[in-house]
Amino acid sequence: MKFFVDTAEIDQIKELNDLGMVDGVTTNPSLIMKSGRDILEVTKEICAMVDGPVSAEVVALEADDMLAEGRKLAKIADNIAVKVPLTWAGLKTCKTLTDDGIMVNVTLCFSANQALLAAKAGATFISPFIGRLDDINMDGLDLIEDIRTIYDNYGFETNILAASIRSANHMSECAKIGADVATAPPNVIKAMANHVLTDKGLDAFMADAKKAGIKIV
Ligand code: E4P
């Protein structure tokens with residue numbers, strides 16, 4: 001499973017990228033707002049740092065306007081994936097950009113039917129939002145499983161990009177289901193390293209190392 005990092009914070013992307021943990025980046029208007037940066041500038045910087053796809057989201061609602069924004073975003077770098085919402089206008093934009101050879105990430109997906117339409121429109125990525133479904137008492141992981149089944153049934157090449165990930169547990173569950181990619185905030189990716197028994201074991205080893213006076217360098 002590929003790891004995308006869900007942030008527009010340059011320092012945080014760099015730290016994970018230097019460790020080889022970043023296969024791509026996803027942003028959205030809320031993350032751009034949080035960064036306090038201009039969308040075109042910060043996206044250009046991210047694209048230069050990361051080899052994989054960098055999703056940049058349109059903000060228009062009508063297909064023609066989305067297309068103009070998508071084409072402008074795509075000019076930033078070759079590794080841009082234009083992010084469009086899962087609306088009828090978004091699907092039209094997806095089809096046109098895909099036909100032009102531009103990667104498209106169809107976002108705000110909350111149902112298997114929406115994912116089916118995105119695949120038909122040629123999306124490079126479909127972004128089902130796990131956490132936001134969990135928030136309304138539905139099981140976001142069930143959706144990832146349903147889309148995996150449907151795409152495998154018919155050999156759709158659209159990549160399942162599990163999004164709105166809120167916990168390290170979501171990451172391993174997505175990997176078990178077979179999501180192609182999971183995008184998560186940096187703190188969630190770092191939290192994957194944590195285990196209470198690792199901390200406990202390390203405390204015991206450190207105490208014994210001190211007692212034994214072990215010195216290595
Ligand atoms: C990713 O592409 C989405 O923009 C992001 O994962 C949404 O996450 P949230 O529901 O935690 O805002």
Side-chain angles (χ1 to χ4, degrees), residues 1-10 12-13 16-17 21-37 39 42-43 46-47 50 52-61 66 69-70 73-74 76 79-87 90-91 93-94 97 102-111 114-115 117-119 121 123-144 147-148 158-175 177 179-192:
M1 184 171 73
K2 290 187 174 162
F3 282 18
F4 286 6
V5 60
D6 199 24
T7 185
E9 305 294 335
I10 293 285
Q12 298 185 22
I13 297 169
L16 290 168
N17 196 43
M21 303 287 180
V22 178
D23 300 304
V25 173
T26 49
T27 65
N28 62 37
S30 308
L31 294 171
I32 296 291
M33 183 188 73
K34 220 169 141 194
S35 76
R37 301 278 313 274
I39 182 172
V42 74
T43 306
I46 298 169
C47 286
V50 170
V54 175
S55 291
E57 188 161 343
V58 300
V59 291
L61 293 175
M66 272 189 206
E69 289 183 355
L73 291 170
I76 294 174
N79 54 338
I80 281 285
V82 175
K83 210 172 180 193
V84 300
L86 212 153
T87 58
L91 291 169
T93 308
C94 172
L97 291 174
I102 294 168
M103 289 188 284
V104 179
N105 175 358
V106 181
T107 189
L108 289 167
C109 170
F110 294 96
S111 77
Q114 289 181 316
L117 290 175
T124 316
F125 301 101
I126 180 69
S127 288
F129 277 33
I130 300 176
R132 293 191 195 189
L133 280 169
D134 291 354
D135 288 346
I136 59 160
N137 237 1
M138 293 178 75
D139 191 337
L141 290 166
D142 281 353
L143 176 59
I144 304 295
I147 299 172
R148 182 73 284 156
T158 299
N159 290 280
I160 302 174
L161 197 177
S164 187
I165 283 184
R166 306 272 171 79
S167 68
N169 189 49
H170 276 156
M171 293 295 277
S172 48
E173 289 303 316
C174 285
I177 291 166
D180 300 290
V181 190
T183 188
N187 64 314
V188 171
I189 294 176
K190 286 183 166 182
M192 292 169 74

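Start at 1 and go down the list; that is how both ligands and their atoms are numbered.
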Dump the intermediate steps for side-chain contact (heavy atoms from CB on, under 4.5 Å) on Ser127 and Val106, then the final yes or no.
CA-CA 6 Å; Ser127 288; Val106 181; over 6 Å; no
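- Near ligand 1, Asp6, Thr26, Asn28, Lys83, Phe129, Arg132, Ala163, Ser164, Arg166, Thr183 each place a heavy atom less than 4.0 angstrom from the ligand.
- Under a 3.5 Å cut-off, the side chain of Glu57 and the backbone N or O of Val84 do not form any donor-acceptor pair.
- Ser55 pairs with exactly one of Thr107, Thr26, Asn105, Thr43 by the side-chain hydrogen bond (donor to acceptor under 3.5 Å, both in side chains) rule, that one being Asn105.
- Between the side chain of Gln12 and the backbone N or O of Glu9 there is no donor-acceptor pair closer than 3.5 Å.
- Under the 3.5 Å distance criterion, the side-chain polar atoms of Thr27 are left unmatched by any main-chain donor or acceptor of Thr7.
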How far apart are the C-alpha atoms of Ile144 and Ile130, what are their side-chain angles, what is the distance that settles it, and do they pass the side-chain contact (heavy atoms from CB on, under 4.5 Å) test? CA-CA 8 Å; Ile144 304 295; Ile130 300 176; 3.9 Å; yes
